[in-house]
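Worksheet: one structure, shown below.
Just follow the structure's listing: the first ligand is 1, and inside any ligand the first atom is 1. Here the structure is a predicted model, which means the values were calculated and not measured. Values reported hereafter were calculated over all heavy atoms of this structure, with side chains retained and with hydrogens, waters and symmetry mates removed.
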Amino acid sequence: MNRYVITGGKTISGEIACQGAKNSVLPIIAAATMCDSPCTLKNCPEIRDVAATLAILRHLGCEAEFEGGTLKIGCELSSAEIPDALMREMRSSIILLGALLSKHRRANISFPGGCELGPRPIDLHIASFRKMGVKIEERHGSLICDAEKLHGAYVHLDFPSVGATENIMLLAARAKGRTVVENAAKEPEIEDLQGFLNACGARVSGAGTSVIVIDGVAELHGAEYAIMPDRIVAATYLAAAAITGGTLTVTGVEPSHLGSIVSIFERSGCELVIGEDRIALSREGAIRPVGTVRTMPYPGFPTDALAPVMAYLSLAKGSSVFFETIFQNRYKHAAELMRMGAAIKVQGSVAVVEGVRRLSGAKVMATDLRGGAALVIAALAAEGESEVTGIELIKRGYEKFDSNLRALGAQIEEHR
Ligand code: UD1
């Protein structure tokens with residue numbers, strides 16, 4: 001079983017360039033398949049979720065070539081059916097539904113199941129699609145969709161779902177007429193999707209606010225586009241430096257995307273220097289507890305940064321309280337952190353983390369992508385050796401995690 005073997009106690013210091021954003025590249029790849037000529041995406045992260053998406057594209061007959069962070073995507077699809085095995089590989093492949101229907105007007109995909117964060121329903125996606133004239137039948141675990149009568153519509157989301165907002169944008173981009181999404185998600189990745197769609201000739205405005213307006217166009221042409229930096233990966237490296245008392249600069253980031261995260265590091269005693277495209281962090285004194293951390297839709301504190309920040313605060317001089325408001329089951333990593341000596345009490349959506357003086361190396365297992373990264377962060381500061389298994393989950397979203405950390409001073413090896 002592949003695992004990371006980490007000897008803790010080394011500081012994480014130096015400079016690292018931030019990779020492209022996982023949550024931006026996936027919808028943008030979906031959008032590229034809607035164009036009438038090929039697209040070139042730059043700054044694409046080499047992560048397993050991109051590989052899984054490309055496997056689906058190839059299954060659909062779409063050509064894709066990925067080298068050195070540049071992804072070339074063709075525009076010819078020979079099928080609009082995504083089988084169960086490929087859908088299960090990555091729940092977020094639901095994002096391909098809007099793209100397939102927008103251009104090809106039909107699709108047949110297997111129903112995306114739950115995932116490691118608990119049930120992840122797609123009712124908001126389906127209800128919005130139906131409002132836009134898509135006929136959807138649920139049969140034997142599959143969604144059979146017909147968008148021959150696709151049209152723009154006024155859609156109000158009961159919750160600002162990131163995936164539903166993106167899926168509606170894709171579907172609406174080539175629909176007849178205007179679509180207005182109210183209570184849309186405001187995440188920066190949605191602005192990135194708008195940027196790409198408009199570069200291809202779409203007419204989308206309002207991304208980054210809670211009302212997005214899409215005027216459908218008949219054609220989209222290919223474009224070259226650079227994926228935005230990954231704010232969660234940036235937060236993860238900052239947490240690694242913070243927990244080990246290092247001095248780290250993360251470059252190639254958009255600091256305004258990390259406001260709520262920077263605030264937590266500052267409150268806990270780190271020094272931060274914010275540049276135009278970089279964030280420098282250092283910590284010398286004790287880690288101070290921060291009171292309450294509540295996950296919220298953007299610009300609130302992101303649910304994806306909860307686990308790495310929790311690992312960091314497990315060594316604070318006092319207690320911190322986490323409230324997870326977006327997903328169920330986001331605390332699976334807490335039990336693993338406790339194997340390393342962390343003191344965490346979880347009840348429902350609340351976790352109380354009482355800071356301990358030291359963590360000690362242990363054998364732990366990644367239970368999800370960000371939870372896995374949190375275990376690596378804890379292991380960097382723990383006394384002695386840790387083994388983290390389940391690292392395929394970490395590779396879903398982190399490019400060269402072990403070699404990047406090694407270059408910053410960590411003692412981490414992948415054992416096969
Ligand atoms: C995206 C991100 C994920 C991040 C999350 C919240 C990608 C690939 N993933 O996931 O990393 O943690 O945003 O920032 O971009 N919901 C429904 N019905 C729906 C859709 C969602 O009830 O039809 C609920 C979900 O169960 C969850 C909440 O809404 O409780 C938020 O989900 P959503 O914003 O859709 O997250 P994802 O797009 O799945």
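Each of the atoms 35 (O), 38 (O) of ligand 1 lies under 4.0 Å from some heavy atom of Gly163. Each of the atoms 6 (C), 12 (O) of ligand 1 lies under 4.0 Å from some heavy atom of Thr303. Interface of Asp304 with ligand 1, defined as ligand atoms under 4.0 Å from a residue heavy atom, comprises 3 (C), 4 (C), 11 (O), 12 (O). Residue Ile122 has at least one heavy-atom neighbour below 4.0 Å for each of these atoms of ligand 1: 19 (C), 23 (O). Under a 4.0 Å criterion applied to the non-hydrogen atoms of Ile326, ligand 1 contributes the atoms 27 (C), 28 (C), 30 (O), 31 (C).
Residue contacts with ligand 1 for Arg330 involve side-chain atoms from C-beta outward but no N, CA, C or O (heavy atoms, distance under 4.0 Å).
Here CD1 of Ile279 is found 9.0 Å from CD of Glu254. Values are rounded to the nearest 0.5 Å. In this structure, Lys131 NZ and Ile168 CD1 are separated by 10.0 Å, a value rounded to the nearest 0.5 Å.
For the pair Lys22 and ligand 1, the shortest N or O to N or O distance does not fall below 3.5 Å. Between Ala164 and ligand 1, no N or O atom pair is found at a separation short of 3.5 Å. Residue Phe159 has no N or O atom closer than 3.5 Å to an N or O atom of ligand 1. Not one N or O of Ser92 is nearer than 3.5 Å to an N or O of ligand 1, by distance alone.
Scanning all heavy atoms of the two residues, the minimum distance from Glu324 to Arg330 falls at CG-CB, 3.8 Å.
Here the options are Thr295, Ile261, Val309, Leu258, the test is side chain to side chain contact (heavy atoms under 4.5 Å, CB included), and the partner is Pro302; only Ile261 passes.
Under a 4.0 Å heavy-atom criterion, Pro302 is not in contact with ligand 1.
Glu414 and Arg416 are joined by a salt bridge, as a carboxylate oxygen and a charged side-chain nitrogen come within less than 4.0 angstrom of each other. One finds no salt bridge joining Asp304 and Lys22 here, because no Lys/Arg side-chain nitrogen approaches an Asp/Glu carboxylate oxygen to under 4.0 Å.
For Phe322 and Phe301, the distance between ring centers is not under 6.0 angstrom.
In this structure, the side chain of Arg283 engages the main chain of Ala242 through a donor-acceptor pair within 3.5 Å.
Selection from Pro121, Pro160, Gly300 by nearest heavy atom to atom 19 (C) of ligand 1 gives Pro121.
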